[in-house]
Amino acid sequence: MCAVLSSLAQAWGREDADAYGPLFTQDATYTTYVDTYYQGRCDITEAHRALFSGFVKGTKLADSLLGIRFPGPDTALVTSRGDTYTGDKPGGLTKVQTYTMVREADGQ
């Protein structure tokens with residue numbers, strides 16, 4: 001789970017939608033802090049392609065783990081604080097996010 005969060009941040013920092021999107025399942029949903037809703041890996045990828053060339057261009061993604069719960073053997077609920085930033089990583093992260101992570105049949 002930490003590796004997935006790290007991969008998300010690295011792809012974000014490179015502004016690489018083609019690396020960011022595939023970290024989500026085919027049927028993932030994604031709701032942003034500005035109330036935008038994306039449905040599915042393709043939608044998430046294409047939306048981030050546009051975001052990386054516009055609204056969030058030049059930003060990095062910070063994440064600080066708050067907790068992990070395992071409701072099943074292949075499912076984790078991950079809560080973290082996060083933020084986008086430029087320059088130095090901020091000391092206080094202003095957003096709380098929840099990820100539902102699943103291990104798929106291929107182990108990913």
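What you see is a predicted model, and the numbers here were worked out from it, not measured in a lab.
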[X] [atom1] to [Y] [atom2] distance, which is reported to the nearest 0.5 Å:
X      : Y     : atom1 : atom2 : answer
Glu104 : Asp74 : CD    : CG    : 10.0 Å
Tyr99  : Leu5  : OH    : CG    : 5.5 Å
Leu23  : Leu8  : CG    : CG    : 5.0 Å
Lys60  : Asp88 : NZ    : CG    : 8.0 Å
Thr98  : Arg69 : OG1   : CZ    : 8.5 Å

For a quick test of reading the model, state the closest non-hydrogen atom pair linking [X] to [Y] and the distance between them.
X     : Y     : value
Thr59 : Glu15 : N-OE2, 4.4 Å
Ala28 : Ile44 : CB-CD1, 3.9 Å
Ala76 : Met1  : CB-SD, 3.2 Å
Ala17 : Pro22 : O-CD, 3.9 Å
Leu65 : Cys2  : CD2-SG, 4.3 Å
Leu93 : Ala62 : CD2-CB, 3.7 Å

**Report entry** Centroid-centroid distance, Tyr37 to Tyr30, less than 6.0 Å
**Finding:** no

Does [X] use its side chain to pair, donor to acceptor, with the backbone of [Y] at less than 3.5 Å?
X     : Y     : result
Arg81 : Gly92 : no
Thr45 : Arg41 : yes
Thr75 : Gly72 : no

Query raised in the report: Angle class for the Tyr20/Phe52 ring planes (parallel below 30°, perpendicular above 60°, tilted otherwise)?
Result: perpendicular

Requested in this report: Answer with yes or no whether the side chains of Asp63 and Gln97 bring together a donor and an acceptor at under 3.5 Å.
Outcome: yes

**Report entry** Thr29-Gln39 side chain donor-acceptor pair, cut-off 3.5 Å
**Finding:** no

Query raised in the report: Would a hydrophobic clustering, with Ile, Leu, Val, Met, Phe, Trp and Tyr connected at side-chain separations under 4.5 Å, put Leu51 with Tyr85?
Result: no

Query raised in the report: Do you reckon Val96 sits in the same ILVMFWY cluster as Leu61, going by side-chain contacts under 4.5 Å, direct or chained?
Result: no

Requested in this report: Would you indicate whether the side-chain heavy atoms of Thr31 and Tyr38 approach each other to under 4.5 Å?
Outcome: no

**Report entry** Sub-4.5 Å side-chain heavy-atom contact between Phe70 and Leu77
**Finding:** no

Query - For Asp83, salt bridge (Lys or Arg N to Asp or Glu O under 4.0 Å) partners two or more places apart - result: Lys95

Requested in this report: May I ask you to say whether Arg49 pairs ionically with Asp18, meaning some side-chain N is under 4.0 Å from a carboxylate O?
Outcome: yes

